[in-house]
Amino acid sequence: MRLSDRIRSVAPSATLAVDALVRKARAEGVDVVGFGTGEPDFDTPEHIKEAARAALREGRTKYTPSAGTMELRQAICADLARRGLSYTPEEVIAATGAKQVLYNAFQVLLNPGDEVLIPAPYWVSYVEMVRLAGGVAVIVPGAETDGFVPPAEALAERCGPRTRAVIVNSPSNPTGELWPRELLQAVGELAVERDLVILSDEIYDRLVYDGVQPVSVAALAPEFRARTLVVNGVSKTYAMTGWRIGYGAGPAPLIQAMASLQSHSTSNPNSIAQAAAVAALTGPQEVVEAMRREFETRRNLMVEGLNRLPGVVCRRPPGAFYAFPNVQKLLGRKTGGETVTDSTSLARFLLEATRVAVVPGIAFGVEGYLRLSYATSRERIAEGLKRLGEALTILDSA
Ligand SMILES: Cc1ncc(COP(=O)(O)O)c(C=O)c1O
């Protein structure tokens, strides 16, 4: 089959590939500890499921407006208001996950050859989505010592005549780090000066620890808000990854363009899932707090456990549900005659030797790190850490 150049240039999602390996091993009866997956292990709270059942009973099974029901867009506005962000329903689009919001945005913003600044380590899909839109991803690395966020000067330096947009992802996947306010301010100023759109992916902003308060770049100044697309959704906050509801809020012309594109691709996101998302956003928020607290305990277990492993150093990330340890000291070591040369071979070794699934840092654009999701039970985290400790002994003694 002759496929388009467009799709042949796209790399499949490395994180979904790890998920697939784990599923396959489990189907074969192998007991794998999965630190690969990027979704909460909790079930969707009951009142949200009940709202979906009610929507079915009421026959809400028809097309809705492409950008989502008015009820959902109003609930999204109220959700944004909780963060100090004021939007009207005309400035909001609901889509099939935050993923579709971002995909739409790149499609309507980029002409062939337009550039997007992507800080590294980055979430795997940004680069491929930019490529699918005919754009060019310009990677701007951040140092571990700075919490992996890119220096403002580096963003300015990489900004050229073709730069159209810059990505902000705070808290970050894969690092769990937050962008400091001063950096957000600098990005806003750069965007105003160079006429950039800021794509602010805030999907993990309710999963934060140690009392930190995330801030949206759009909340810092009206001129920043005027060129920002705030991206969020219910997947991570409400344990609703499978329901596929995300949202974008931004300038009305951008939202209208995205809605127009969506009207010719998927049309509205699933009508029952939209009703469930309304219940999530407008219903009791204690469920979120309970999950957040559990994630914080697990974060502590994971980070402390990782730092006890010889050759592993891990920062204590204040958000999301990922640890991103530095494993550079493990590279170059041998196992059964084979040398672990990079994060990919290390991840393969860990899966084969101890049945622990992790994602290699290179999938996020940086070598010498691994990403471990702690969205799994405390028992599984303890078991996984124990196995990792054993694996490192094999590495050391080889
Ligand atoms: C940084 C980031 N943005 C967006 C998404 C997509 O979320 P959704 O499930 O709403 O499409 C993810 C999911 O892994 C993510 O990690």
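Treat the numbers as computed from the prediction; the structure is a model and nothing was measured. For ligands, and for the atoms within them, numbers begin at 1 and follow the listed sequence. Reckoned from all heavy atoms, side chains included, excluding hydrogens, waters and symmetry mates.
Contact atoms of ligand 1 toward Tyr126: 1 (C) (distance under 4.0 Å to a heavy atom of the residue). Close contacts of ligand 1 with Arg244, meaning ligand atoms under 4.0 Å from a residue heavy atom, involve 8 (P), 9 (O), 11 (O). Numbered from 1 in the order shown, with element, the atoms of ligand 1 that lie under 4.0 Å from a heavy atom of Ser235 read 8 (P), 9 (O), 10 (O). Near Asp201, meaning under 4.0 Å from one of its heavy atoms, ligand 1 places the atoms 1 (C), 2 (C), 3 (N), 4 (C).
Looking only at protein heavy atoms, the nearest one to atom 7 (O) of ligand 1 is Ala98 CB, 3.7 Å.
Closest approach of Leu392 and Pro310 over heavy atoms only: CD1-O, 3.6 Å. Across Ala191 and Arg227, no two heavy atoms sit closer than the pair O-NH1, 3.5 Å. When every heavy atom of Lys236 is checked against every heavy atom of Ile203, the shortest pair comes out as CG-CG1, 3.6 Å.
At under 3.5 Å, a nitrogen or oxygen of Lys236, whether backbone or side chain, sits near a nitrogen or oxygen of ligand 1. In terms of polar-atom proximity, Thr241 is not counted as a contact of ligand 1, lacking any N or O under 3.5 Å from an N or O of the ligand.
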Verify ring pair (Phe, Tyr, Trp, His ring centres under 6.0 Å) between Phe106 and Tyr126, making sure each step is shown before the conclusion. CA-CA 9 Å; Phe106 292 124; Tyr126 297 137; 7.1 Å; no
Between Leu330 and Val340, is a side-chain contact (heavy atoms from CB on, under 4.5 Å) present by the stated rule, with each step listed? CA-CA 8 Å; Leu330 301 179; Val340 168; 5.7 Å; no
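Contact annotation: for Asn169 versus ligand 1, heavy atoms closer than 4.0 Å belong to the side chain alone. If you look at Gln100 next to ligand 1, there are no close heavy atoms at all, none under 4.0 Å.
Ring orientation note: the planes of Tyr374 and Phe295 are nearly perpendicular, at an angle over 60° on the 30°/60° scale.
Other residues, nucleotides and ligands place more than 12 heavy atoms under 6.0 Å from the CZ atom of Arg53. For Arg26, the CZ atom counts as densely surrounded, since its 6.0 Å shell holds more than 12 non-hydrogen atoms of other residues, nucleotides or ligands.
The residue among Tyr247, Phe321, Tyr103, Trp123 with a heavy atom at the shortest distance from atom 15 (C) of ligand 1 is Trp123.
For Gly233, the closest heavy-atom approach to ligand 1 does not fall below 4.0 Å.
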